Asker: 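Sharing a structure below in structure tokens format, with a few things to ask.
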2 protein chains.
Amino acid sequence: MRIGELSRRAGVSVATIKFYVREGLLPAGELTSPNQASYGEAHVQRLRLIRALLDVGGLSVAAIREVIVAVDDRERSMHKVLGITANRLVPRYDRESDAAIEEARKRVAELVAARGWQVFPDNPAGEALAAALAALDDVGHGRFAEILDAYADAAERVARADMDYVAHHVAREALVESAVVGTVLGDAIFAALRRLAHVDASNRVFGRPGDDEGATEPT
Amino acid sequence: MRIGELSRRAGVSVATIKFYVREGLLPAGELTSPNQASYGEAHVQRLRLIRALLDVGGLSVAAIREVIVAVDDRERSMHKVLGITANRLVPRYDRESDAAIEEARKRVAELVAARGWQVFPDNPAGEALAAALAALDDVGHGRFAEILDAYADAAERVARADMDYVAHHVAREALVESAVVGTVLGDAIFAALRRLAHVDASNRVFGRPGDDEGATEPT
DNA sequence: GGGTTATGGATAGTGACACTCGCCGCTATC
DNA sequence: GATAGCGGCGAGTGTCACTATCCATAACCC
């Protein structure tokens, strides 16, 4: 297929496809003549992956490029690819190394130890967690950390479900891409579910009967 | 205190503070003379809230303005403020209304019904969930929806913990701000925990003993 | 009391980002 | 052989979160 059809199939403008090719997110089509190329199903798939990471996952183009290069590299272990995804997915908080973040890092290390997680806590995810806990302190909600265990329980449960899914439904070759997609879209899905659960809980606790303004939210 | 000290206390540049005042995120200081104003603790707190929502939560300045206006409005119910937060927090996916998203919406409605959640499924969070599920389908991971129940269980657990925290540790006046902070930072915390749990699970399942490259991830 | 620094207020500029446009000469198709 | 589409490329656009500069005045420091 040529670029016009690819554009229609993937719902991405021709100009944008050209841009992605220039940026190295999408391989160029196979040239059939000096200025004519043909694209295949793989291109459609790749475009959908790009859009999912971009729109739902909120990754930057540069981050997606790194992830995609890693996904395409059959030499890299899944571990490495996931590490790259996490590195790119997690925003960089270059907080000056003050006492608060140090203390938060210690709390993260304790949590990891208590859970028996086989993880170095200076992992990007651990750093992100420390930054979030420090931000919580800053804002005056240090006590929130008390319910961290409930969060960790939930995270373990979700991670277990993710592993089950991967084990049962994902072919070996597709493992890496699945992991990336699952990591990124899983965040979005969980966040949405949490929001729904909050609205429900909030309705039960605070909602007056007959007051349905909490259930649906016009802007 | 004057603007210089406020800047030092909050770790935000003077220029940026002026920008936030202009943008309506931060109330102006109280003028003591035509070109001299004084700021208080509330300003420090507010700045920290802004930075947390911006850096960790990833909200835009415009979104933060709406949230803050809602937080400051004592007339508004917590429900409404949370609705605004959710509206602003969740990215807008203006997907053309194709069959896929319609089908995803139906799946969301079924899930909500099965859970007995008192929520209108055309909630922004429900929409976000539908969009994420549709994106999952696009990318060829429709089966992922099979483990949605595990996600929903985890979300309920977290939401319950959140409510407990609010009930025990948050004063009535601070309820709304806490809810906003908890919603936004809670997402970041859970995502980080999930990532940590993944690394752990991945280590157990795929990691060769002695291969520690999955545990820590240099770029 | 005089020089340096800080301040409030306003306008304009910056750099990153994700596209988007327009052009060229060529090709496919009707 | 007209017309629409194409590949490739450089330049332009709009948004966003600041950042820089300017001015007149105020505070501080010897």
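Given the structure is predicted, the values throughout are model-derived calculations rather than measurements. Labels below follow one simple rule: chain letters A, B, ... track the order of the sequence lines, proteins then strands, and each chain is numbered from 1.
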Asker: Under 4.0 Å: is that the gap between some side-chain N or O of Arg2(A) and OP1 or OP2 of dA4(D)?
Answerer: no
Asker: dA28(C) phosphate, OP1 or OP2: any side-chain N/O from Ser33(A) under 4.0 angstrom?
Answerer: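 Answer yes for this pair, as a side-chain N or O of Ser33(A) is under 4.0 Å from OP1 or OP2.
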Asker: Without decimals, in angstroms, what is the distance between Leu26(A) CG and dC19(C) P?
Answerer: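 Leu26(A) atom CG is separated from dC19(C) atom P by 13 Å.
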Asker: Write down the distance between NE2 (His43(B)) and P (dG8(C)), rounded to a whole number of angstrom.
Answerer: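 Atom-to-atom, His43(B) to dG8(C), this comes out as 10 Å.
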Asker: Consider the side chain of Thr16(A), meaning its heavy atoms from C-beta on, and name the nucleotide among dC18(D), dT20(C), dG9(C) that approaches it most closely.
Answerer: dT20(C)
Asker: Check whether any side-chain N or O of Tyr20(A) sits under 4.0 Å from OP1 or OP2 of dT20(C), and answer yes or no.
Answerer: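 For dT20(C), neither OP1 nor OP2 has a side-chain N or O of Tyr20(A) closer than 4.0 Å.
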Asker: Could you state the atom-to-atom distance from CG of Leu6(A) to C1' of dG5(D) in whole Å?
Answerer: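 Distance, rounded to whole Å: 14 Å.
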Asker: Take atom NZ of Lys18(A) and atom P of dA11(D), then tell me their distance rounded to the nearest Å.
Answerer: 16 Å
Asker: Choose from dA26(D), dT19(D), dT27(C) the nucleotide whose nearest atom is closest to any side-chain atom of Arg22(B).
Answerer: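 Selected nucleotide: dT19(D).
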Asker: Hey, does the side chain of Tyr39(A) come within less than 4.0 Å of dG7(D)'s phosphate (OP1/OP2), counting only N and O?
Answerer: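 The answer is yes; a side-chain N or O of Tyr39(A) sits under 4.0 Å from OP1 or OP2.
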Asker: Could you say whether Phe19(A) or Gly4(B) is positioned toward the 5' end of DNA chain C, judged by the nucleotide with the nearest heavy atom to each?
Answerer: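 Taking each residue's closest nucleotide, the earlier one in sequence belongs to Gly4(B).
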Asker: Tell me whether Asp137(A) is salt-bridged to Arg143(A), with the criterion being a basic N under 4.0 Å from an acidic carboxylate O.
Answerer: no
Asker: If you find the nucleotide of DNA chain C closest to Ser60(A) and the one closest to Glu5(B), which residue's nucleotide is nearer the 5' end?
Answerer: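 The 5'-side residue here is Glu5(B).
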Asker: Are Lys106(B) and Glu102(B) close enough for a salt bridge, meaning some N to O gap below 4.0 Å?
Answerer: no
Asker: Can you tell me how far C1' of dA27(D) sits from CG of Asn35(B), to the nearest Å?
Answerer: 10 Å
Asker: Out of dG8(C), dT19(D), dG7(D), which nucleotide sits closest to the side chain of Ala37(B)?
Answerer: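 The answer is dG8(C).
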Asker: Is Arg51(B) salt-bridged to Asp138(A), cutoff N-O under 4.0 Å?
Answerer: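 Here Arg51(B) does not pair with Asp138(A) in a salt bridge, since their nearest N and O are not under 4.0 Å apart.
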Asker: Over all strands shown, is Arg8(A) touching base, sugar-phosphate only, or nothing at heavy-atom distances under 4.0 angstrom?
Answerer: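 Here Arg8(A) touches no strand at all.
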Asker: Separation of Ile3(A) atom CD1 from dC6(D) atom C1', in whole Å?
Answerer: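 Rounded to the whole Å, the gap is 8 Å.
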Asker: Taking any heavy-atom pair under 4.0 Å as a contact, classify Arg65(A): base, sugar-phosphate, or nothing.
Answerer: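 The answer is nothing, as Arg65(A) stays clear of every strand by at least 4.0 Å.
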Asker: Flag the pair Glu110(A) and Arg105(A) as a salt bridge only when some basic side-chain nitrogen lies within less than 4.0 angstrom of an acidic carboxylate oxygen.
Answerer: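 Looking at Arg105(A) together with Glu110(A), the answer is no, because their closest N to O distance does not fall below 4.0 Å.
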Asker: For the residue pair Ile68(B) and Tyr20(B), establish whether any side-chain heavy-atom pair is separated by less than 4.5 Å.
Answerer: no
Asker: Measure the distance from CG on Leu54(B) to P on dC16(D) and round it to the nearest whole Å.
Answerer: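 Value for this atom pair: 13 Å.
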Asker: Roughly, in whole Å, what's the span from CE in Met1(B) to P in dC28(D)?
Answerer: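 Atom-to-atom, Met1(B) to dC28(D), this comes out as 15 Å.
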